[in-house]
Protein chains: 2
Amino acid sequence: MRRFVIGRARNLFETSRQNYQFQRPLLSSSQSPFRFLSSTPVADSPSSSPSSSSSSTMAPPVTVNTINPKVLECEYAVRGEIVSLAQKLQEEIQTKPEAHPFEEILYCNIGNPQSLGQQPITFFREVLALCDHPSILDKSETQGLFSADSIDRAWQILDQIPGRATGAYSHSQGIKGLRDTIAAGIEARDGFPADPNDIFLTDGASPAVHMMMQLLIRSEKDGIFCPIPQYPLYSASIALHGGTLVPYYLDEATGWGLEVSELKKQLETARSKGITVRALVVINPGNPTGQVLAEENQRAIVEFCKQEGLVLLADEVYQENVYVPDKKFHSFKKVSRSMGYGEKDISLVSFQSVSKGYYGECGKRGGYMEVTGFGADVREQIYKVASVNLCSNISGQVLASLVMSPPKVGDESYESYSAERDGILSALARRAKTLEDAFNKLEGVTCNKAEGAMYLFPRIHLPEKAIKAAQVAKTAPDAFYCRRLLSATGIVVVPGSGFGQVPGTWHFRCTILPQEEKIPAIVTHLTDFHKSFMDEFRD
Amino acid sequence: MRRFVIGRARNLFETSRQNYQFQRPLLSSSQSPFRFLSSTPVADSPSSSPSSSSSSTMAPPVTVNTINPKVLECEYAVRGEIVSLAQKLQEEIQTKPEAHPFEEILYCNIGNPQSLGQQPITFFREVLALCDHPSILDKSETQGLFSADSIDRAWQILDQIPGRATGAYSHSQGIKGLRDTIAAGIEARDGFPADPNDIFLTDGASPAVHMMMQLLIRSEKDGIFCPIPQYPLYSASIALHGGTLVPYYLDEATGWGLEVSELKKQLETARSKGITVRALVVINPGNPTGQVLAEENQRAIVEFCKQEGLVLLADEVYQENVYVPDKKFHSFKKVSRSMGYGEKDISLVSFQSVSKGYYGECGKRGGYMEVTGFGADVREQIYKVASVNLCSNISGQVLASLVMSPPKVGDESYESYSAERDGILSALARRAKTLEDAFNKLEGVTCNKAEGAMYLFPRIHLPEKAIKAAQVAKTAPDAFYCRRLLSATGIVVVPGSGFGQVPGTWHFRCTILPQEEKIPAIVTHLTDFHKSFMDEFRD
C-alpha cells in the first residue's frame with residue numbers, strides 16, 4: 001500500500017514540484033528532487049550492514065581544519081587578542097593586586113557606555129520595568145515609584161501589543177504600534193514621510209547588517225564597498241557571508257573626508273578584478289573616525305550610488321552623537337528625498353540602534369533598519385529571513401520606540417529626561433576635546449577632531465626601531481604599541497590594523513567614554529607611557 | 001614619502017602576513033594579499049574617468065534574481081503562506097465582522113503561549129522589572145509591590161553584573177554569574193557536572209542553532225541529519241548556510257519512534273551520494289511530533305553518533321513539557337555521561353530556550369547552548385562568531401538563569417510559583433488529551449499521543465478527490481486541507497509538508513495552546529469542518 005502511495009506521491013511531486021513547501025530547502029542544487037524523495041523510511045526493514053566508518057570513532061568530529069573556512073577567516077578586532085589579554089590581566093589584578101603597575105583595566109576598546117558608569121535614562125527604564133511587570137500598573141504604590149508619563153506610556157505600549165502579551169513572539173518585523181511610533185519619529189527628524197512597513201526591528205543593529213549581507217552576497221565575486229578605516233562588524237559579516245570587502249579610503253588629511261573620486265577609482269579597480277560591487281556602506285557619524293559628513297558630501301554619495309546602481313547601507317547609529325556646533329546629522333533618507341529621489345530612485349537601508357546616542361543601552365539589544373527602494377518581492381525575502389528568527393526581543397523593541405519618541409515638553413519627565421540627556425552629551429563632548437588635545441600633544445601623534453560618534457582615531461608615527469621590534473614580535477606595529485600601552489597602564493585601545501588604515505600608517509581607536517573624573521589620570525598615564533615608549537624606540 | 005612607506009608595508013606584509021588582523025577578512029580566496037594592498041587611496045589624485053556604468057541607473061540594484069539564492073531556497077512554514085492568509089482574514093474581520101463565519105483567528109500554528117492568554121510566571125517578571133529599573137530596589141514602596149525573594153534575587157543578579165550595569169554589553173558568552181547559575185541548574189537536573197564556560201547565552205535557541213550550522217557547513221556536500229518530520233528552523237538554517245538536509249524518518253506507527261537502523265541506512269545513502277554528514281539533530285521532546293524518547297533509545301543514538309563521528313545537536317527546549325507519567329525527560333548530556341562518555345568521547349550541543357516549558361517567554365528571546373566535547377581551538381571559533389554580535393540581550397540572559405534556578409521550597413514565592421507552574425503544565429496536559437481524542441474521532445484521521453512539547457501532528461487520510469482538487473489548486477494536499485480549515489473556522493494550523501512527512505502521507509501540526517475555555521468550540525468547529533470536507537471529497 002505504502003509503495004503505491006509513494007509512487008503516486010512521486011508523480012504528484014514531478015507534476016507540481018513548486019507547490020511543495022518542504023522539499024525545496026532539502027535540495028541542494030546538486031540533488032535531483034527524485035534523489036531526495038527516493039530516500040524513504042526503512043525503519044521496518046532492519047539494516048544488516050555494519051557501521052561503515054568505525055574508523056572515524058577516534059578522530060573528533062570537528063577540528064579547526066574541518067569547520068567552515070569563512071568562520072576561520074572572520075576577525076573581530078574590537079573583541080580580539082588585546083581584549084583577551086586585558087581580561088587575563090584583570091583576573092591577575094583581582095588575585096594579585098601588586099602584579100601590575102595599575103589598579104584597574106580601563107576598557108576604551110568598545111562603545112559600551114554603561115560599563116564605564118554612564119547611567120541609563122530614567123524614563124526609559126521606568127517604561128521598560130512597567131512593561132515587564134504590567135500587573136503593578138494599577139497598584140497605588142506604583143504612583144509613588146514611577147513618573148506619571150512613564151505609566152501612561154507603558155499603558156499606550158501595552159495597548160499596542162495584541163493581548164498586552166509582552167512575553168509573546170511579535171510580528172517578525174516588530175510590534176506594529178511600535179513601528180508606527182518609530183516611523184513618526186523618523187518623520188519628525190527628517191521632515192519626510194516614513195512607512196512603518198519599512199521598519200524591521202532587530203536585536204541591535206548588527207543582526208540587521210548581517211541580514212542585508214546575507215541577502216546581497218552570493219559569492220566572493222560580490223563586493224561590498226566599505227570605508228577604510230571601518231567598523232569591523234562589516235569586514236566580519238562580509239567574511240562570514242563569503243563576499244569581498246571593497247575598500248575606499250577616508251582621507252585623514254581632510255578630517256577623514258569621503259571623496260567621490262576615491263569611490264570611482266576603487267569601483268573601477270574592483271570591477272577590473274571581476275568583482276560585482278553591490279552596496280556602499282557609509283558610517284555617519286564615523287566609526288572609528290568620528291567625522292560628521294557635510295550635507296553636500298552626502299548628496300554626492302547618494303548621486304554616486306544612484307549612478308552606479310549600488311544599495312546605500314547607511315550606518316546611522318551615532319545620529320545623536322554630534323559634538324561640534326558647525327556640524328549637524330542629516331539622515332541619508334532625508335538627503336535623498338530632499339534631492340527629489342524617492343522609492344523608485346534609490347535602494348537605501350538606514351541602521352539605528354539603542355546602544356549608542358545618549359541612551360547607550362547596549363545590553364538591551366534593540367535597533368531597527370528602515371528599508372526603502374526595494375521591490376515587494378525582495379522585501380518579502382527580507383521578511384522571510386527575519387521570520388526564521390521569529391522576532392527581536394520585545395524590551396529592545398520597546399526601547400527602540402522610546403529613543404525615537406522620548407518625553408516631550410510638558411510631559412512630567414521632560415525636564416529630568418532632557419537634563420540627563422544633555423548632561424551625557426555635553427560630558428562626551430568635553431571628554432572628546434580633552435583626549436583629542438592630549439593625543440595631539442604627544443610626540444609623533446596627530447589626531448583629527450572627534451566631531452561625533454564615541455571615538456578618537458589618532459595616528460602614531462612609529463619609529464623604525466619600534467616597527468622592527470614588532471616584526472620580531474610577529475605582530476603589527478600598532479598592535480605592538482597597544483599591547484605595550486595595556487601592560488603599562490591598563491588602558492585598552494584597539495589597534496588601527498583592526499579597522500584598516502592606509503598601508504604603512506599606524507593608528508589606534510580610543511573611546512571617549514571613561515567617566516570624567518578618570519580622564520586626567522588616563523591622560524597622564526598615556527602621556528608617560530608614550531614618552532617612555534618613544535625614548536625606548538626613538539631612531 | 002608615502003610611496004616609500006607603502007613599499008615597506010608590502011615587504012612587512014609578505015614577511016608576516018599572518019600577524020595582520022585586518023587584511024585577512026578582505027581577502028576572498030581568489031585574491032592575493034598584494035592585489036588588495038595595491039588598492040591604495042587616490043583621493044589626492046582626482047579620477048578623470050567618468051562613471052563606468054551609467055547604464056545601470058535604470059535597473060534596480062537588487063531583484064529576486066540577483067539576491068543570494070540560498071535566501072530564495074529557504075522556507076519557514078511556521079510563518080508561511082497559511083499565516084499570511086490568516087493575517088489577511090484577521091484584518092477583514094476587524095473591518096467587516098460579518099465577512100467570515102467566525103469571530104476570531106485562532107493561532108494554533110506556532111508555540112507562542114502568551115499570545116493565546118497564558119500568563120507569565122510572576123516571580124520571573126518581578127525580577128526582570130527590578131533588574132530593568134534597579135533604582136527602585138531600595139525604595140520602601142517596592143516592598144509592597146514585589147515579593148521579598150524577587151528583591152533578593154534582583155540584588156544577587158545585579159551583584160553578578162560588572163558595575164551593576166544591566167544596560168552594558170556583557171561577555172559574549174553571557175554574564176559569568178548567570179552562566180554559573182545555569183551550570184548549577186544543569187548539574188541539579190542531570191546529576192553530572194556542568195561548566196559555566198561551556199554555556200553560550202543566546203537570543204532564544206534559534207541563533208544558537210544558526211551558529212552551529214554556520215560552524216559546521218562548508219558547502220552543499222556537508223549534510224546535517226534531521227528528523228522527518230522536523231521543526232522548519234533546521235531546514236531553513238541548513239538552506240541559508242548552503243548545506244544539505246539529510247533526512248531520517250520517525251516511525252509514526254511506533255509513536256514516532258527513532259530507529260537506529262533507519263539512521264544507519266540513511267547515513268549510507270547520504271555517503272553514497274558524496275555527502276559528508278557532520279551532525280545529527282534530535283528534538284526531544286519532539287516538535288512537531290510530541291514524543292518523548294525512551295532512555296535506551298537515547299543511549300543508542302549517543303552510541304551511533306560516537307561510532308559515526310557525528311556532532312549530536314540536542315534540541316531540548318521542551319524539557320519541561322512532558323505530560324505522561326510513564327515518560328521522563330533525560331538530557332542527552334546526562335545520558336552520555338551515564339554511559340561513561342566524557343568530553344573526549346562525544347561532541348554534544350544542547351539547546352535550551354525561555355520560550356517554551358511552563359514559562360513560554362517567547363518575546364524575551366532568551367536561551368543558551370551548552371557546548372561540550374569540542375577542542376579549545378574550535379571553541380575559540382564559536383566564541384568569535386558569538387562576539388561578532390557582541391552579546392545576547394540581558395533580560396533574556398536573566399530569564400535564562402531564572403528558568404534554570406526557579407524559587408526553592410521555603411522561598412516566599414515558592415508556593416505561588418509552583419501553583420502557577422503546575423496550573424499551566426496540567427492544563428497543557430488536559431488540552432493535549434482532549435485534542436488528541438477529538439482528532440482520533442475524525443473520519444480517516446489518526447493521531448499519536450502528545451507525550452510532550454506543545455503540538456499534535458495528526459495524520460489525515462485524504463480521499464483521492466481531495467488530492468486531485470489540491471493538484472488543480474497547485475498546492476500540496478495537506479496545505480489544501482489547512483487552507484480550507486482556516487477559511488471555514490479561523491483555526492490556523494501548519495501543513496505537514498512544512499515539516500516533512502513520509503511521501504504520500506498527509507498531516508498538520510496543531511498546538512495545544514488555546515485557552516481551555518476555547519477548546520470545546522475548537523473541537524466542534526474542527527469536527528464540523530472535517531465532516532463537511534470529507535462529504536465534499538469522499539471517493
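Just so it is clear, the model here is predicted, and its values are computed rather than measured. Here is how names work: the chains are called A, B, and so on, in the same order as the sequence lines, proteins then strands, and each is numbered from 1.
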Those residues at least two apart in sequence (or on a different chain) that pass side-chain contact (heavy atoms from CB on, under 4.5 Å) with B:E141 are A:E141, A:L145, B:K139
The interface call for B:L130 against chain A, heavy-atom contacts under 4.5 Å, is neither
Turns out that what part of B:K384 lies under 4.5 Å from chain A's heavy atoms comes down to side chain
If one checks every heavy atom of B:V385 against chain A at 4.5 Å, the contacting part turns out to be side chain
Looking only at A:T166, A:L128, A:L233, A:I136, the option with the highest number of non-hydrogen pairs under 4.5 Å against chain B is A:T166
So, the part of A:F304 with a heavy atom under 4.5 Å from chain B: the answer is neither
side-chain contact (heavy atoms from CB on, under 4.5 Å) filter on B:T66, not counting sequence neighbours, yields A:R218, A:R278, B:V62, B:T63
**Item:** Side chain B:K70, main chain A:Q214, donor-acceptor under 3.5 Å
**Value:** no
query = Side chains of A:C391 and B:R365: closer than 4.5 Å at any heavy-atom pair?
reply = yes
Under 4.5 Å to a heavy atom of chain A? For B:D203 that would be side chain
Side-chain heavy atoms of A:N68 within contact of B:H241, under 4.5 Å: no
ask   = Just wondering, do A:S206 and B:L390 contact through their side chains at under 4.5 Å, heavy atoms?
value = yes
* Asked: Tell me, do A:N389 and B:Y76 make a side-chain contact under 4.5 Å, heavy atoms counted?
  -> no
